Amino acid sequence: MDVKFKRLFKDFSSILISPKLFIYLGILSVLPLLLISFFNNPASDDFYYAYHSKNTNPINAGIWIYNHEGGRYFANGLLCFNPLTYNNYFFFKIIPILLLLLFVFSIRTFITTLLKDITSEKTYSIVGLILVLFYIQIPEINTALYWITGAVTYQLPMSLSLLLASTIIKFYRDKKIQYLFFSVLLIAMIVGCNEVALFSTLILLGFITVYNTIVVKKSFLFLYFLIAITTVFSIIEFTAPGNFIRVNKIPIEHDFFYSFQKSILYSILYFLKWFPIILLFFTHFSEQIYSYFKKDFINNNVIIKPWFAIVLLFSILFISSFVGFYINKDILPGRVLNLLYFYYLFIALYVILCFVNYFKIKFDFHFSLMPQSKLVLGIILIFFTISETPILNAYQDLLSGKAYKYDLEMKNRFELIEISKNEVVVPALIKKPKTIYNEGIMGLTTNVKNWKNEELSDYFHKQIVVKSTDTTFTE
């Protein structure tokens, strides 16, 4: 018994001090998010797009929305093909799984493209590191994957951005025209999803171009071409007739100086909020990650002076925050913060890598931990992963049966709506799992004129409200 225990402890300890730890943490992070997808249900805007598609067809519905609602031509176009258009509730549950698997695939593609000769174990260690860092600090998990309208608009461009980076790297190395074609196609998709993705793409392409032109003294014509292409698709997005109609419906007095001040403040706050955990996780893996990059990139100006990387990081934070304050006089909603955190995470890891390189060159400083220290840090990282995070909430929603009971309640609700006539009063939900339910976006009200009630009512061609438990009620 003692021999078996010692062997088990030795095996466990060897995982805790190795990059393999992040493979297991990545699996631990993604598994509940995949499983809970089977209990997901549509809400609000999911019905809105399907309603318009059923009234005409998905293509005409997409054109109508571009002309009357907003310019996000790619996201809105895809949403017009959502499964509710074909009364398919099951495939609706599969969409979060597909988006999550695409996210994993795109991270892996980016890593293997960036680091050509890296082994599978090292690749999946980095993939696991990114996954766990993303999902333990994601601002709003329910709108990231389980509100399909939000997932297509904000989660999908994350994967597309990583694939775009991969195709640009491949074109830079191989000069094959198909990679440039795919880059243009991916830019069109990303820009057509949302404004934060649009601005972030312009900032990243612009930064790389300006840095290479001014600092490295090299000009790459294909980067100027991609910036021009991004600008063209941005114009298509911004000049959509639907944007002007939408702005006139919700008149807001824009305040440049207020937006500027608030954007600076919140850029600092977001930096301080997210950076410590990223740094802590990176510390366990810093020496190995640096060694992966050192061979190919130190002499090719890919790892730059950290001050430039910091400028890039705060540019993304500031511009994205400014969009929220200037348009709505408020911080970005959770689903948009998810996308901002995605860009922040990758650039923050890059900033740390640049600092590691700077200290090694400048002071011959080595960021290496003793095995005992790595062992303790590995245990701490496991506790961070399963502490009060979206990952723990997902496990709780699954294991407590809350997600299962919520799914049953929603099935009963839809059955009741189907068999009812013109007016339907549905029972209020009892079980509302945090991972897949968002009250502000998904909860019906006692007011038939509420936008969420209206979208459901239009889809089913019946007036739908929720049975109140008090005088003013949103479930």
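What you see is a predicted model, and the numbers here were worked out from it, not measured in a lab.
Smallest separation of non-hydrogen atoms from Ala75 and Val152: O-CG1, 3.9 Å. Pairing each heavy atom of Leu33 with each of Ser37, the nearest pair is O-OG, 2.9 Å. Of all heavy-atom pairs spanning Ala50 and Asn82, the tightest one is N-ND2, 3.7 Å. The two residues Ala144 and Ile138 come nearest to each other via the heavy atoms CB-CD1, 3.5 Å. When every heavy atom of Ala348 is checked against every heavy atom of Ile278, the shortest pair comes out as CB-CD1, 4.1 Å. Between Ile130 and Leu345, the shortest heavy-atom contact is O-CD2, 3.7 Å.
Tyr437 and Trp147 have their aromatic ring centers separated by at least 6.0 angstrom. Within the 6.0 Å centre-distance limit, the rings of Phe222 and Phe171 are counted as a close aromatic pair. Here the two rings, on Phe318 and Phe314, have centers that are 6.0 Å apart or farther. Ring centroid separation for the pair Phe346 and Tyr350 does not come in under the 6.0 Å cut-off. Between Phe325 and Tyr266, the ring centre distance stays below 6.0 Å. In this structure, the ring of Phe256 has its center less than 6.0 angstrom from the ring center of Phe322. A distance below 6.0 Å separates the ring centres of Phe103 and Phe134.
Side-chain atoms of Asn357 never come within 3.5 Å of backbone atoms of Cys354 as a donor-acceptor pair (strictly under, hydrogens ignored). Judged by distance alone, the side chain of Ser125 and the main-chain N or O of Pro19 form a donor-acceptor pair under 3.5 Å. Proximity of a side-chain donor or acceptor of Tyr344 to a complementary backbone N or O of Ile316 within less than 3.5 Å is not detected. Between the side chain of Asp397 and the backbone N or O of Ala394 there is no donor-acceptor pair closer than 3.5 Å. Asn40 places no side-chain N or O within 3.5 Å of a backbone atom of Phe92 that could act as its donor or acceptor partner. For the pair Asp45 (side chain) and Thr149 (backbone), a donor-acceptor distance under 3.5 Å is absent. Checked by atom type and distance alone, the side chain of Asn338 pairs as donor or acceptor with a backbone atom of Glu140 at under 3.5 Å. Put simply, the side chain of Asn76 never gets that close to the backbone of Gly71: no donor and acceptor are under 3.5 Å apart. Without hydrogens or angle criteria, Thr123 side chain to Thr112 main chain gives no donor-acceptor distance under 3.5 Å. Judged by distance alone, with hydrogens and angles left aside, the side-chain atoms of Tyr73 form no donor-acceptor pair with the main-chain N or O of Val191 at under 3.5 Å.
Here the side chains of Ser53 and Phe81 are not in contact, with every heavy-atom distance at 4.5 Å or above. Counting heavy atoms from C-beta on, the side chains of Asn243 and Thr239 never come closer than 4.5 Å. Residues Tyr395 and Leu28 have side chains in contact (heavy-atom distance under 4.5 Å, counting atoms from C-beta outward). At a threshold of 4.5 Å between non-hydrogen side-chain atoms, the residues Trp274 and Leu317 count as touching. In this structure, Leu129 and Phe281 have side chains that are in contact, with non-hydrogen atoms separated by less than 4.5 Å. The shortest side-chain heavy-atom distance between Ile126 and Arg108 does not fall under the 4.5 Å cut-off. Between Pro83 and Tyr89, the closest side-chain pair of non-hydrogen atoms is not below 4.5 Å. Counting only heavy atoms from C-beta outward, the side chains of Phe238 and Glu195 approach each other to under 4.5 Å.
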For Leu204 and Leu312, what are the C-alpha separation, side-chain angles and deciding distance, and is it a side-chain contact (heavy atoms from CB on, under 4.5 Å)? CA-CA 8 Å; Leu204 289 166; Leu312 175 61; 3.9 Å; yes
After noting the C-alpha distance and the side-chain angles of Ile187 and Ile190, does the key distance pass the side-chain contact (heavy atoms from CB on, under 4.5 Å) rule? CA-CA 5 Å; Ile187 285 171; Ile190 294 165; 5.5 Å; no
Would you check, one step at a time, whether the test side-chain contact (heavy atoms from CB on, under 4.5 Å) holds for Ile169 with Tyr179? CA-CA 9 Å; Ile169 293 168; Tyr179 295 133; over 6 Å; no
Step by step, work out the side-chain contact (heavy atoms from CB on, under 4.5 Å) result for Thr231 and Leu202. CA-CA 8 Å; Thr231 304; Leu202 275 174; 4.1 Å; yes
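No more than 12 heavy atoms of other residues, nucleotides or ligands sit less than 6.0 Å from atom CZ of Phe105. Heavy atoms from other residues, nucleotides or ligands lying under 6.0 Å from CD1 of Ile59 number 12 at most. Atom CG of Leu399 is surrounded by more than 12 heavy atoms from other residues, nucleotides or ligands within 6.0 Å.
With a 6.0 Å cutoff to the six-membered ring centre and a 45° limit on the axis angle, Lys175 counts as a cation-pi contact of Tyr172.
In this structure, Leu156 CG and Leu78 CG are separated by 6.5 Å, a value rounded to the nearest 0.5 Å. Taken to the nearest 0.5 Å, the CG atom of Leu84 stands 6.5 Å off from the CG atom of Asp46. Here the CD1 atom belonging to Ile168 is positioned 11.0 Å from the CG atom belonging to Leu163, to the nearest 0.5 angstrom. Here the CD atom belonging to Gln396 is positioned 5.5 Å from the CG atom belonging to Asn393, to the nearest 0.5 angstrom. With rounding to the nearest 0.5 Å, the separation of CH2 in Trp64 from SG in Cys80 is 10.0 Å. Once rounded to the nearest 0.5 Å, the distance linking CG of Leu101 with CG of Leu34 reads 5.5 Å.
Remark: the Asn438 side chain and the Thr143 side chain contain no N/O donor-acceptor pair separated by less than 3.5 Å. The closest side-chain donor-acceptor pair between Ser161 and Tyr343 falls under 3.5 angstrom.
The side-chain contact (heavy atoms from CB on, under 4.5 Å) test with Thr385 singles out one residue from Ile391, Ile380, Leu133, Leu392, and that residue is Ile391.
Remark: Asn194 pairs with Arg72, Thr153, Tyr154, Pro157, Val196, Ala197, Leu339 by the side-chain contact (heavy atoms from CB on, under 4.5 Å) rule, at least two apart or across chains.
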